[in-house]
There are 2 protein chains.
Amino acid sequence: MSVQERKQRERADRERLIVATARELAERQGWDAVTTRRLAERIEYSQPVLYSHFRGKREIIGAVALEGAAEMAAALRAATSTADGPHARVTALARAYLDFAARNPAVYDAMFELDGGLAFADEDTPEPLKDAFAALLESLGEVAGDGVHPGLFTEVFWAALHGLATLTRAGRLPPEYTERRTELLVDRLAML
Amino acid sequence: MSVQERKQRERADRERLIVATARELAERQGWDAVTTRRLAERIEYSQPVLYSHFRGKREIIGAVALEGAAEMAAALRAATSTADGPHARVTALARAYLDFAARNPAVYDAMFELDGGLAFADEDTPEPLKDAFAALLESLGEVAGDGVHPGLFTEVFWAALHGLATLTRAGRLPPEYTERRTELLVDRLAML
DNA sequence: TTGTTTGTCTAGCAGTGCTAGATTCGAATT
DNA sequence: AATTCGAATCTAGCACTGCTAGACAAACAA
């Protein structure tokens, strides 16, 4: 019985190794460099082993995305928890979001730019994704304003942050004014 | 001398055919389906012909992006020209932007999601891209508010629209509340 | 009619995601 | 301790990708 358990544990370890390696490789050299062959070589197994853990490359991206969502939720909550008052909280939230996207571009891509085969805005959306949205909602709900649905407001604010994050990273927006854009966004969108 | 001209004309025609075919194929079956082989087959030439017009697939995407930028600029100006007053103009602008993105997803991807090898926010940014941004600026500049740099305001508004467009199309935001999100965005961001 | 340039195509390279079938290994049974 | 058998793993290969060298043909100039 304990032999089976050990095997299960080793399997779980290897799965974590795959995800961590994919993430590291993507962060270092971009997702294009994450090929099944290279990934297999790094974990020192053959290609088919990957497919005994995941249906395909897409699912590996999805796994990285889920890991990232959990981390992002934690980062957002950490940032807002030390801020006093709604306005400061939202500012801290926006900064933390953009900071996460800038520091973990590959993970951010896995979450929002690439197809990781994950469901969104749906009842079978994975828990970490719902929780990341919930982390946004916690701080943004209190500044939605009277008569404005907190969820809807959060969606709009999130979309704005997402736009800033992606356009900046793609070189569409010059990065030096990020802070001023953030301030403008918060000042206008958040009520009081 | 006229023989050369005819040849040049035919070459230009074929180049347009390549771009139009790539765009149509991408719009119908997604950019993944736009392979050099398929594209060559559709224009009834061999693969290498593509490379006598463009450096590679990336440049073909770039060409579609430029075409799209010109069309988007025209669509934005058409929408704002019939609206009375700053607020109505900005609302019309936002709707037109999101509408363009929803109706031309492949073109929108070529412009903002894929790598078409184009420079952005730079002096050697192609004219159509600068002009599309200018079209945004024309309507948004007048609602930036006192002491707010019109360009910076336009960047933020644009980023918000971009976020709404991409998150909605990727299934991250339920599409049924698009209009309400648009209204909320315009009401909050635009001054007066 | 010849020679040369220009245009186009065939064939192929190195890479991709993914998988069928062979093989090796290790645990359980005799 | 040897044998069996099932699970784990690998080798080899498929069909595809973007891209290109070199062969060939057509159109022009001499």
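Source: prediction; values computed, not measured. Below, read A as the first sequence line, B as the second, and so on, with proteins coming before strands; counting in each chain starts at 1.
- Distance A/Glu44 CD to D/dC10 C1': 15 Å, rounded to the nearest Å.
- Residue-level contact check: B/Arg14 touches the backbone only, with heavy atoms under 4.0 Å from sugar-phosphate atoms and none from bases.
- OP1 or OP2 of C/dG17 has at least one side-chain nitrogen or oxygen of A/Thr36 nearer than 4.0 Å.
- Residue pairs satisfying the salt bridge (charged side-chain N to carboxylate O under 4.0 Å, His left out) criterion with at least one member in residues 92-102 of chain A, sequence neighbours excluded, are listed as follows: A/Arg95-A/Glu179, A/Asp99-A/Arg103.
- Side-chain atoms of B/Gln47 do not come within 3.5 Å of backbone N or O of B/Ala40 as any donor-acceptor pair.
- Among the atoms of the strands shown, only primed sugar atoms or phosphate atoms (P, OP1, OP2) are found under 4.0 Å from some heavy atom of A/Thr35.
- From one end of the helix from C/dG3-D/dC28 to C/dT30-D/dA1 to the other, with five pairs defining each end axis, the axis direction shifts by 30° (rounded to 10°).
- Contacts between residues 18-33 of chain A and DNA chain C, defined by a heavy-atom separation below 4.0 Å, involve no residue at all.
- Remark: A/Glu24 does not engage A/Arg42 in a salt bridge, criterion side-chain N to carboxylate O under 4.0 Å.
- Put simply, B/Arg38 has no side-chain N or O that comes within less than 4.0 Å of OP1 or OP2 on D/dC16.
- Shown here are the ring-ring contact (aromatic ring centres under 6.0 Å, His included) partners of A/Tyr177, two or more places apart in sequence or in another chain: there are none.
- B/Tyr108 and B/His162 share a side-chain donor-acceptor pair at under 3.5 Å.
- Residues of residues 54-65 of chain A that place a heavy atom closer than 4.0 Å to DNA chain D do not occur.
- Qualifying salt bridge (charged side-chain N to carboxylate O under 4.0 Å, His left out) partners for A/Arg9, counting only residues two or more places apart in sequence or in other chains: none.
- Residue pairs meeting the salt bridge (charged side-chain N to carboxylate O under 4.0 Å, His left out) criterion with at least one member in residues 150-171 of chain A, sequence neighbours excluded: A/Asp109-A/Arg169, A/Glu155-B/Arg181.
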Restricting to nitrogen or oxygen on both sides, can you table the protein-nucleotides 12-14 of chain D pairs closer than 3.5 Å?
none

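- At least one test fails for A/Arg172 against the ring of B/Phe112: distance under 6.0 Å to the centre or angle within 45° of the axis.
- By the salt bridge (charged side-chain N to carboxylate O under 4.0 Å, His left out) test, A/Glu41 pairs with no residue at all, sequence neighbours left out.
- For residues 58-74 of chain B, the pairs satisfying salt bridge (charged side-chain N to carboxylate O under 4.0 Å, His left out) are B/Arg23-B/Glu67, B/Arg23-B/Glu71, B/Arg55-B/Glu59, B/Arg58-B/Asp115, with sequence neighbours left out.
- When the salt bridge (charged side-chain N to carboxylate O under 4.0 Å, His left out) test is applied to B/Asp13, the partners found at least two apart in sequence or on another chain are B/Arg16.
- A/Leu118 has its side chain out of reach of A/Thr125: every pair of non-hydrogen atoms, C-beta onward, lies at least 4.5 Å apart.
- Counting only heavy atoms from C-beta on, A/Ser46 has its side chain closest to D/dC10 among C/dT19, C/dC9, D/dC10.
- The salt bridge (charged side-chain N to carboxylate O under 4.0 Å, His left out) contacts involving residues 121-134 of chain B comprise B/Arg77-B/Asp131, where partners must be two or more places apart or lie in separate chains.
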